[in-house]
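Structure, as structure tokens:
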Amino acid sequence: MTAFTIYPAIDIRGGKCVRLLQGDYAQETVFNESPLDAAKQWEALGGKYVHLVDLDGAKEGRPVNHELIGNIASALNVPVQIGGGLRTFEDVKLLLSLGVSRVILGTAAIEDKAFTEKVLAEYGDRAAIGIDARNGFVATRGWLETSEVKAEDLAKELAAKGAETFIFTDISRDGMMQGPNVEAILSLAKASGKTVIASGGVTVQGDLERLAAHVQEGIGGAIVGKALYTGNIDLASALAAVGR
């Protein structure tokens, strides 16, 4: 994969577009009362792919904001991907039937291997694996728990089962505006031999340029949240700088 994609992030909680600090549900900032308006704004500025997170779903273990997500998917002319609470085959099927282009499996990738393998076998690259790590170990259940599984080991295992895309979040960097952990992202791409989308820590346009420099080594894009909402990164300018 040679194109580097910027994914504007829309985290949905209680029907609003919010950001949590390091995944802490008690530290929430509302950036837009309407996630649909936010999605349209990013598309209008040139965004080619929108990243959605159902934060309520991540906590509940099932899709909660699926109606709103379906509305966003049908209103946009660009693809959307969704993560948060997808733990049954029926829920994956539901989201994809609502017009979502790609689903992201997180907690389930650790806790339910049979489910994950079934989704990969059925939907192929329409399913990405979200690996959220704290100090190199995989965190689950909306980051509330940390497992004893190493991120690189999980990536290798699931790549062998057909996973083509991984979304890697270094929790310690998320929302802290400190820059992404490029070394850890590269290690995951190398370990899996697949495409890795960086998430967490992207603060300034230079962070995107640093990541995009490794596109041939498997870093296929970056999810950008807080920095877009605070104005630290201008989406049109960043797209011009890194291609897509």
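For the residue pair Ala139 and Arg134, the shortest heavy atom distance occurs at CB-NH1, 4.0 Å. Phe166 and Ala159 make their closest contact through CZ-N, 3.9 Å (heavy atoms, listed as atom of the first residue, atom of the second, distance). Residues Gly201 and Thr203 share a closest heavy-atom pair of O-OG1, 2.8 Å. Across every non-hydrogen atom of Ala108 and Phe115, the tightest pair is CB-CE2, 3.3 Å. Shortest non-hydrogen contact noted between Ala73 and Val100 is CB-N, 4.0 Å. Residues Pro63 and Leu86 share a closest heavy-atom pair of CG-CD2, 3.8 Å.
Listed by first and then second residue, the salt bridge (charged side-chain N to carboxylate O under 4.0 Å, His left out) pairs involving residues 112-127 are Lys113-Glu157, Glu117-Lys161 (not counting sequence neighbours). The salt bridge (charged side-chain N to carboxylate O under 4.0 Å, His left out) contacts involving residues 193-202 comprise Glu164-Lys194, where partners must be two or more places apart or lie in separate chains. The ring-ring contact (aromatic ring centres under 6.0 Å, His included) contacts involving residues 53-91 comprise Phe89-Tyr123, where partners must be two or more places apart or lie in separate chains. Residue pairs meeting the salt bridge (charged side-chain N to carboxylate O under 4.0 Å, His left out) criterion with at least one member in residues 65-78: none, sequence neighbours excluded.
Not a single salt bridge (charged side-chain N to carboxylate O under 4.0 Å, His left out) links Glu152 to another residue, sequence neighbours left out. Partners of Arg210 under the salt bridge (charged side-chain N to carboxylate O under 4.0 Å, His left out) rule, at least two apart in sequence or in another chain, are Asp207. Applying the side chain to side chain donor-acceptor pair (under 3.5 Å) criterion to Asn65, with sequence neighbours excluded, gives Asp54, Asp56. Listed by chain and number, the residues in a side-chain contact (heavy atoms from CB on, under 4.5 Å) with Ser74 amount to none (sequence neighbours excluded). Taking Lys16 as the reference, Val18, Val30, Glu33 meet the side-chain contact (heavy atoms from CB on, under 4.5 Å) condition, with sequence neighbours excluded. Leu45 meets the side-chain contact (heavy atoms from CB on, under 4.5 Å) test with Gln41, Trp42, Leu235; sequence neighbours excluded. For Leu68, the side-chain contact (heavy atoms from CB on, under 4.5 Å) criterion is met by Ile12, Pro35, Ile72, not counting sequence neighbours. Applying the salt bridge (charged side-chain N to carboxylate O under 4.0 Å, His left out) criterion to Glu28, with sequence neighbours excluded, gives Arg13.
Using a 4.5 Å cut-off between side-chain heavy atoms of Ile, Leu, Val, Met, Phe, Trp and Tyr, with links allowed through other members, Ile233 and Ile6 fall into the same hydrophobic cluster. Both Val242 and Val50 belong to a common hydrophobic cluster when Ile, Leu, Val, Met, Phe, Trp and Tyr are linked at side-chain heavy-atom distances under 4.5 angstrom. Taking hydrophobic clusters as Ile, Leu, Val, Met, Phe, Trp and Tyr residues chained together by side-chain heavy-atom distances below 4.5 Å, Leu105 shares a cluster with Leu96. Under a hydrophobic-cluster definition in which Ile, Leu, Val, Met, Phe, Trp and Tyr are linked whenever side-chain heavy atoms come within less than 4.5 Å, directly or via other members, Val64 and Leu52 are assigned to different clusters. Hydrophobic clustering places Tyr229 together with Leu36 (ILVMFWY residues linked when any side-chain heavy atoms are closer than 4.5 Å, directly or through intermediates).
Atoms CG and CD1, on Leu208 and Ile219 in that order, are 11.5 Å from each other to the nearest 0.5 Å. The line from CD1 of Ile223 to OG of Ser199 is 4.0 Å long, rounded to the nearest 0.5 Å. Rounding to the nearest 0.5 Å gives a distance of 8.5 Å between CD of Gln81 and OG1 of Thr165. Here the CG-CD distance, from Asp234 to Gln205, works out to 8.0 Å after rounding to the nearest 0.5 Å. Here the CG-CZ distance, from Leu186 to Phe168, works out to 11.0 Å after rounding to the nearest 0.5 Å. Ile131 CD1 to Asp153 CG: the interatomic distance, rounded to the nearest 0.5 Å, is 10.0 Å.
Counting heavy atoms from C-beta on, the side chains of Asp11 and Leu20 never come closer than 4.5 Å. Taking 4.5 Å as the limit, some side-chain heavy atom of Leu76 sits within range of a side-chain heavy atom of Lys40. Val78 places none of its side-chain heavy atoms less than 4.5 Å from the side chain of Tyr49. Leu228 places none of its side-chain heavy atoms less than 4.5 Å from the side chain of Phe31. Val202 places a side-chain heavy atom less than 4.5 Å from the side chain of Leu211.
Screening Ile167, Thr169, Ile104, Thr5 for a side chain to side chain contact (heavy atoms under 4.5 Å, CB included) involving Ile197 leaves a single residue, Ile167.
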Mind running side chain to side chain contact (heavy atoms under 4.5 Å, CB included) on Ile69 and Leu98 for me, showing each step along the way? CA-CA 8 Å; Ile69 289 155; Leu98 291 173; 5.7 Å; no
